[in-house]
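Here is the structure we will look at, set down as structure tokens.
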Amino acid sequence: MRDRSQLPRPTASDTEALYATYFDYVWTNLRRLGVPSAQLEDACHDVFLVAHRRAADYNQRCAIKTWLFGILRRVASDYRRRSKREQQRLAELALAEPSPAHPADAWSR
């Protein structure tokens with residue numbers, strides 16, 4: 001594997017080079033921003049998918065890292081929110097009365 005410091009600086013439209021250069025940066029910041037460990041890989045891929053779709057919007061007034069951070073911050077927020085909702089749903093299911101194993105049991109109640 002080549003040393004990343006020798007890689008040319010990628011442009012926003014060069015998705016493969018962007019991924020190779022900034023994967024560790026995105027992964028670390030997603031974890032730091034509270035994305036659950038089980039969802040880090042998916043969140044990281046989502047960041048690069050959004051970056052690929054929004055490459056035309058990158059106007060070079062800021063560094064690519066800054067632009068990527070804005071994307072990953074939003075993706076992290078979405079994943080945290082989704083995770084919180086799932087935890088609430090599981091807690092509600094745990095508190096709910098268990099359903100009868102057989103329909104006749106429900107009738108006898």
Side-chain angles (χ1 to χ4, degrees):
M1 185 170 184
R2 294 185 342 200
D3 181 21
R4 289 189 179 168
S5 63
Q6 296 174 357
L7 291 173
R9 191 172 187 106
T11 62
S13 61
D14 189 1
T15 307
E16 287 183 38
L18 196 67
Y19 187 86
T21 304
Y22 294 109
F23 177 84
D24 291 337
Y25 171 77
V26 169
W27 182 278
T28 301
N29 280 291
L30 286 170
R31 187 176 59 214
R32 187 177 63 80
L33 291 172
V35 174
S37 297
Q39 297 174 336
L40 272 171
E41 187 174 347
D42 290 338
C44 193
H45 289 257
D46 285 351
V47 168
F48 288 104
L49 284 173
V50 171
H52 176 72
R53 282 195 313 258
R54 306 281 314 254
D57 297 341
Y58 177 65
N59 57 16
Q60 298 183 358
R61 287 190 307 189
C62 63
I64 288 182
K65 262 187 168 181
T66 305
W67 179 69
L68 274 175
F69 187 81
I71 294 170
L72 75 86
R73 189 182 65 187
R74 179 60 185 251
V75 169
S77 173
D78 292 344
Y79 271 84
R80 282 192 319 267
R81 188 178 311 114
R82 197 174 312 150
S83 177
K84 193 173 190 176
R85 276 191 230 134
E86 287 173 6
Q87 288 174 355
Q88 288 173 343
R89 217 174 302 132
L90 289 174
E92 289 171 3
L93 286 174
L95 294 175
E97 185 177 323
S99 61
H102 193 273
D105 294 339
W107 181 254
S108 65
R109 287 187 191 180

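Take D57 and apply the side-chain hydrogen bond (donor to acceptor under 3.5 Å, both in side chains) test, not counting sequence neighbours, and it matches R54. Partners of R82 according to the salt bridge (charged side-chain N to carboxylate O under 4.0 Å, His left out) rule, which considers only residues two or more places apart in sequence or in another chain, do not exist here. For F69, there are no ring-ring contact (aromatic ring centres under 6.0 Å, His included) partners two or more places apart in sequence or in a different chain. Listed by chain and number, the residues in a side-chain hydrogen bond (donor to acceptor under 3.5 Å, both in side chains) with R61 amount to none (sequence neighbours excluded). By the side-chain hydrogen bond (donor to acceptor under 3.5 Å, both in side chains) test, S77 is found to be paired with R81, residues two or more places apart in sequence or in another chain being considered.
To the nearest 0.5 Å, atoms CZ (R80) and CG (L30) are separated by 10.0 Å. The distance from atom OG1 of T66 to atom CD1 of I71, rounded to the nearest 0.5 Å, is 11.5 Å. For the atom pair L72 CG and F48 CZ, the distance stands at 8.5 Å (nearest 0.5 Å). Interatomic distance, SG of C44 versus OH of Y19, reported as 5.5 Å (0.5 Å rounding).
The aromatic rings of W67 and Y58 sit tilted, their planes meeting at an angle between 30° and 60°. Taking the six-membered ring where the residue is Trp, W27 and F23 present tilted rings, their angle falling between 30° and 60°.
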Item to complete: Verify side chain to side chain contact (heavy atoms under 4.5 Å, CB included) between L68 and L18, making sure each step is shown before the conclusion.
Response: CA-CA 10 Å; L68 274 175; L18 196 67; 4.3 Å; yes
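Legend: side chain to side chain donor-acceptor pair (under 3.5 Å) pairs involving residues 36-50, not counting sequence neighbours, sorted by first then second residue: D46-Y79.
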